[in-house]
Each structure stands twice: as C-alpha cells, then as structure tokens.
Visitor: 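Structure provided below as structure tokens; questions to follow.
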Amino acid sequence: QVQLVESGGGLVQAGGSLRLSCAASGRAFSSYTMGWIRQAPGKEREFVAGINWIGTSTYYADSVKGRFTISRDNIKNMVYLQMNSLKPEDTAVYYCTGTLRAFKGVVGPNDFNSWGQGTQVTVSS
C-alpha cells in the first residue's frame, strides 16, 4: 500500500499546459504500476495514462495520445503527468493511482487499488 498526494491542477486556457505531480509514500513504491485516472461530471472514470514499475512502458488513452506524457522518478517517489494542448474536454478531477498488478494486466480504473484525493483540472474555451 502506498499513500498518494496529487498537486498541480488549476485553470488553464484551451491550448495551454499543466504538469500534475504525485508524491508517493511507501517502502514498495518502485514495485508499483502507476497511473492517472480522470473523472468528469456526468462521465465514467477514464484510464488516461499508465506506466510500469521501471518506467520503460507506458499507456495512453486515445483521447490524450500525443498530448500527455506520464513519467516517474523512483528515487524521489514521484509520478508526473505533463499535459499539453489542453482541450475543454480534458476538464476533470485527475487521480494518481497505483497497483501491484503487472503493467500488462492493467485494463482500467478498477485495476488500481491505491488512490490519491484528486486534483481539479479546468480548461476554458
């Protein structure tokens, strides 16, 4: 089990950028598959991005491919989500998530067991 705290959300104009950060506490952080999940009002949770334990494999939802980049630093116990070319459709609460499940076995939000409190991202037109 890891404790996760997100930061970096805010209000940005369409076309702008934000970088979300996730601080993790736990002795086994480097063993976790990590991800970012978002939820917008009236919509289901969406698995936005994922990264394996060593940072050599990544996943991106079609809706964010080419615009978002997930990364991790296992020395600093940090996970990041760089978001570029933001669109109003990206408006949501973004959650940092983790699981001991192997990266190749992660399909969606229900595969993650550790969740942060979330950070709000709002993109204006």
Side-chain angles (χ1 to χ4, degrees):
Q1 185 177 356
V2 295
Q3 308 299 315
L4 306 172
V5 180
E6 306 96 330
S7 62
L11 175 64
V12 64
Q13 298 267 34
S17 298
L18 285 174
R19 190 192 194 201
L20 305 184
S21 298
C22 174
S25 300
R27 62 197 304 269
F29 169 73
S30 62
S31 298
Y32 278 72
T33 296
M34 301 298 296
W36 289 92
I37 310 294
R38 70 183 182 187
Q39 186 164 30
K43 295 185 178 181
E44 296 185 0
R45 293 173 176 174
E46 181 180 18
F47 181 25
V48 173
I51 189 166
N52 72 338
W53 70 278
I54 199 170
T56 55
S57 296
T58 57
Y59 159 85
Y60 298 98
D62 288 342
S63 57
V64 306
K65 282 182 179 176
R67 301 188 297 119
F68 290 12
T69 303
I70 187 172
S71 60
R72 69 189 297 163
D73 185 335
N74 287 347
I75 302 301
K76 298 180 179 179
N77 283 9
M78 296 289 292
V79 183
Y80 306 98
L81 185 68
Q82 178 67 46
M83 305 185 294
N84 298 326
S85 301
L86 283 162
K87 305 174 181 180
E89 306 92 271
D90 296 318
T91 296
V93 176
Y94 285 71
Y95 298 91
C96 180
T97 59
T99 179
L100 284 171
R101 192 168 189 161
F103 178 79
K104 65 181 180 180
V106 174
V107 177
N110 291 341
D111 293 319
F112 292 92
N113 305 112
S114 299
W115 291 66
Q117 303 97 304
T119 186
Q120 176 70 48
V121 172
T122 302
V123 184
S124 61
S125 301

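Keep in mind the model is a prediction, meaning the values are calculated, not measured.
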Visitor: Would you say the side chain of Val12 lies within less than 4.5 Å of the side chain of Ser17, judging by non-hydrogen atoms?
Guide: no
Visitor: Taking Thr33 for the side chain and Arg101 for the main chain, is one N or O donor matched with an acceptor at less than 3.5 Å?
Guide: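 Answer holds: yes.
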Visitor: Can you measure from OG (Ser114) to CE (Met34) and round to the nearest 0.5 angstrom?
Guide: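 Result: 7.5 Å between the selected atoms.
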Visitor: Would you check if the side chain of Thr99 reaches a backbone N or O of Asp111 as a donor-acceptor pair within less than 3.5 Å?
Guide: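 Yes.
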Visitor: For Ile70, does its backbone N or O pair with a side-chain atom of Tyr60 as donor and acceptor, under 3.5 Å?
Guide: yes
Visitor: Which atom names give the shortest non-hydrogen contact between Ser85 and Arg67, and what distance separates them?
Guide: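 Minimum heavy-atom separation between Ser85 and Arg67: O-NH1, 3.0 Å.
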Visitor: Donor-acceptor pair, Asn52 side chain versus Lys104 backbone, under 3.5 Å?
Guide: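 Side chain of Asn52 to backbone of Lys104, a donor-acceptor pair under 3.5 Å: no, none is there.
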Visitor: So, does Thr119 use its side chain to make a donor-acceptor pair with the main chain of Ser7 at under 3.5 Å?
Guide: no
Visitor: Flag the pair Glu6 / Trp36 as yes when at least one side-chain heavy-atom distance between them is below 4.5 Å, and no otherwise.
Guide: yes
Visitor: Please round to the nearest 0.5 Å and tell me the distance separating atom CG of Leu18 and atom CE of Met83.
Guide: 4.5 Å
Visitor: Are Phe112 and Phe47 near enough that their ring centres are under 6.0 Å apart?
Guide: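 Judged by ring-centre distance (under 6.0 Å), Phe112 and Phe47 do meet the cut-off.
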Visitor: Within this structure, what is the OH-CD1 distance for the pair Tyr80 and Ile51, rounded to the nearest 0.5 Å?
Guide: 11.5 Å
Visitor: In Å and rounded to the nearest 0.5 Å, what is the CZ to CD distance from Phe29 to Gln3?
Guide: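 Result: 13.0 Å between the selected atoms.
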Visitor: If you look at every heavy atom in Tyr95 and Gln117, which pair is closest and at what distance?
Guide: CE2-O, 3.4 Å
Visitor: Kindly determine whether Asp90 and Lys87 satisfy salt bridge (Lys or Arg N to Asp or Glu O under 4.0 Å), including the steps that lead there.
Guide: CA-CA 5 Å; Asp90 296 318; Lys87 305 174 181 180; over 6 Å; no
Visitor: Heavy-atom distance under 4.5 Å between the side chains of Ser71 and Gln82, does that happen here?
Guide: no
Visitor: Taking C-beta and beyond as the side chain, do Thr91 and Gln120 meet within less than 4.5 Å on heavy atoms?
Guide: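 The answer is yes; the side chains approach within 4.5 Å.
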